[in-house]
Amino acid sequence: MTAKPATGTTSILKTAFVNALIALVLFSLMVGIRTEAGASGQLTYWTRFGELASLVAAVFGGSIVIELLRQWIGPTGAEKLVPPAVQSGMSFIGRYLAPALLIFTLLVPVIFYNQRYILDLAILVLTYVMLGWGLNVVVGLAGLLDLGYVAFYAVGAYSYGLLATNFGWSFWICLPLAGILAAFWGVLLGFPVLRLRGDYLAIVTLAFGEIIRLVIINWQELTGGPNGVSGIPRPSFFGIPLDNSDDGLAAKLGIEYSPTHRIIFLFYLILALALLTNWATIRLRRLPIGRAWEALREDEVACRALGINTTTTKLTAFATGAMFGGFAGAFFATRQGFISPESFTFQESALVLAIVVLGGMGSQLGVALAALAMIGGFELFRGLETYRMLVFGMSMVLIMIWRPRGLVGHRAPTVYLTKAKAISSDLVKEGHG
Amino acid sequence: MSGDKILSIDRLAMRFGGIVAVQDLSFAAERKKITALIGPNGAGKTTVFNCITGFYKPSGGAIRLTHDDGTTVALERLSDFRIAKQAKVARTFQNIRLFPGMTALENLMVAQHNALMRASGFTLLGLLGVPTYRDAEKRAIDLATDWLKRVNLIDRADDAAGNFAYGDQRRLEIARAMCTEPALLCLDEPAAGLNARESAALSELLLSIRDELGTSILLIEHDMSVVMEISDHIVVMDHGVKIAEGTPREIRDDPKVIAAYLGADEEEAAAVMEGGA
């Protein structure tokens, strides 16, 4: 056995003590002293030292538990603790998990045909899978931290919404246009932020996301401001509407019309779009541009020394990610039939970024699993009502302690001579710009 | 010195604010020869390298690269990645800069980025999987395989570069630079941190690059055994200026070099110079 890292009782107690101290400082004002306006407007206050003490004690105890957990099921310990048989079983599951998931996803409308709630949830999950895969190009491959991804989602949604309501263009013409417009905005954002790195890049992209939303709110003549765009046409099956009219698909096929048809059509539409994103990303990774993205994440200076134009490489990453966001946005608009700025807040960007980080940056399967866990899991906790966010946050913290590099933490090489060996996430850089 | 010059530096100056790093430096590197740039720590060698490879923009002077076909490129006017792309100057770094999360083979594939980008029709043709791109990729893999064999890392082609031992990383970085098919290879302390056996292998590798491929090499090095063994020409710098240049024999006996290189203690200096012989 190799020696355990120097994390004895003293260091655990020390960490717990520091955490408890921080909790004491924070909670002493928030919980310890309670103020209220009195009867005649004067300030009355009273102290609640009992509650304060119990909170600090909870933080102290919790810190110890977390430190112990970190030592026992930490990433290094887990590999040694798991027996080889289980490990090979896990790799067996890993190999067949993606195809199995895909087959299951294809069958979802068949299995849950009469369960509208599950179909709607599945469509929502797939939308986030697609957004996650799109952002994965920017964050996971190129290592550019983008906190304003929702801007491209919004551009795509409004592109379709406005083109369809004003000019009556069909979904299938607007879809590529929405992607192109979003990519254009991606390039436009890319230019000024190319020199920025790390935190600075994150702040500017965050601001960009907010700017787009504020422009949409304030440009009333074009976007309808806070009222949004309503009456966005539903997608047609290549010109054949999915309704109960005589020209509808159901009538043409000679089957009885059901509103579920449209839901199932939407389901397969977003599945196709998501798979297109996945296919393009996997393909791009194996092309020189994709390798250059990953090389950029690993070491930008070395890239320049090898004659790679880092400016255009970053711009293509931004544009590609934005394009997929635009596709997803157009789908969102056609599915909802109504869009407003409220759908494109920072929370959406944060959620998509959380999916990418939780999934393991750069891993396609990981992102899909994370989207399922985040969106589906959030629905799962619905029964807990008020405590839903708390349980959700706790489970996120636990996953990040257990798997700090995401659910699928290793990187698959894009080319190999004899055998493709997975690369441990410890070696893979996260990018810094 | 006479002969066919690949690189000529004329009155190069580099100032950072008030600090003069390099001043009035002129020297030339001959084609298909190994030129060494030596000098004590802080002499300005890496600054010269960064000027040549475009990471710094020189405050003054000219850097001219003459290709085999006679075309001349003014390096001081090109931005960094164009120097590697158009002027065909490749470099390595003092503190190794590999792509640690990518395999050795992938590292060498990234080095062939520009050629592969053209072959993939700037991604569009590659995305469709046209045969011309697949052929180009096969050729790129062949070139990478060839270099992995040369630097004796072929068995570890599919391992992450970050897992390699220090000496292996050094050799892989040289292979990666060579995969850009450069006219001039600039090496920043390639022997730093290598043991005697690895240094000898490195010397052999550099000589084979010069003799078999005809690539000109410019190197910064502290390891005198390597410098004295393989250099055709040596330029000595101290405090940002050139203090001597000549063949290894001339440099070894130059009292100015001995004095500058190792302070006033000539006995110690002589011992080190002899040790390198």
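So you know, we letter chains A, B, ... as the sequences are listed, proteins then strands, and number each from 1.
- Residue with the most contacts toward chain B among A/T414, A/T316, A/T310, A/L287: A/L287 (heavy-atom pairs, distance under 4.5 Å).
- Ranked by non-hydrogen atom pairs under 4.5 Å with chain B, the options A/I289, A/I308, A/L284 are led by A/I308.
- Under a 4.0 Å N-O distance rule, the pair A/R291/A/E294 does not qualify as a salt bridge.
- Ion pairing between a basic and an acidic side chain is recognised when a charged N comes within 4.0 Å of a carboxylate O; B/D188 and B/K45 show no such pairing.
- Atom OH in B/Y56 sits 4.5 Å away from atom CG in B/N50 (nearest 0.5 Å).
- Of all heavy-atom pairs spanning A/W133 and A/L275, the tightest one is CZ3-N, 4.4 Å.
- Proximity to chain A (any heavy atom under 4.5 Å) is restricted, for B/I141, to the side chain, taken from C-beta onward.
- For a residue to count as touching a neighbouring chain, one of its non-hydrogen atoms must lie under 4.5 Å from one of that chain's; by this rule B/E137 touches chain A with the side chain only.
- Neither the backbone nor the side chain of B/T53 comes within contact range of chain A; no heavy atoms are under 4.5 Å apart.
- Most heavy-atom pairs under 4.5 Å with chain A: of the set B/T180, B/V89, B/N114, this distinction falls to B/N114.
- A salt bridge between B/R171 and B/D168 is present, with a side-chain N of the basic residue lying under 4.0 Å from a carboxylate O of the acidic one.
- Considering only heavy-atom pairs separated by less than 4.5 Å from chain A, the leading option among B/M117, B/E173, B/R91 is B/M117.
- Residues B/E212 and B/R150 are paired through a salt bridge, judged by an N-O separation under 4.0 Å between the basic side chain and the carboxylate.
- Residue contact with chain A, scored on non-hydrogen atoms closer than 4.5 Å, involves the backbone and the side chain of B/D158 alike.
- Between A/K314 and A/E300 there is a salt bridge, since a side-chain N of the basic residue sits under 4.0 Å from a carboxylate O of the acidic one.
- For chain B, the option among A/A280, A/G290, A/C303, A/A295 with the highest count of heavy-atom pairs below 4.5 Å is A/A295.
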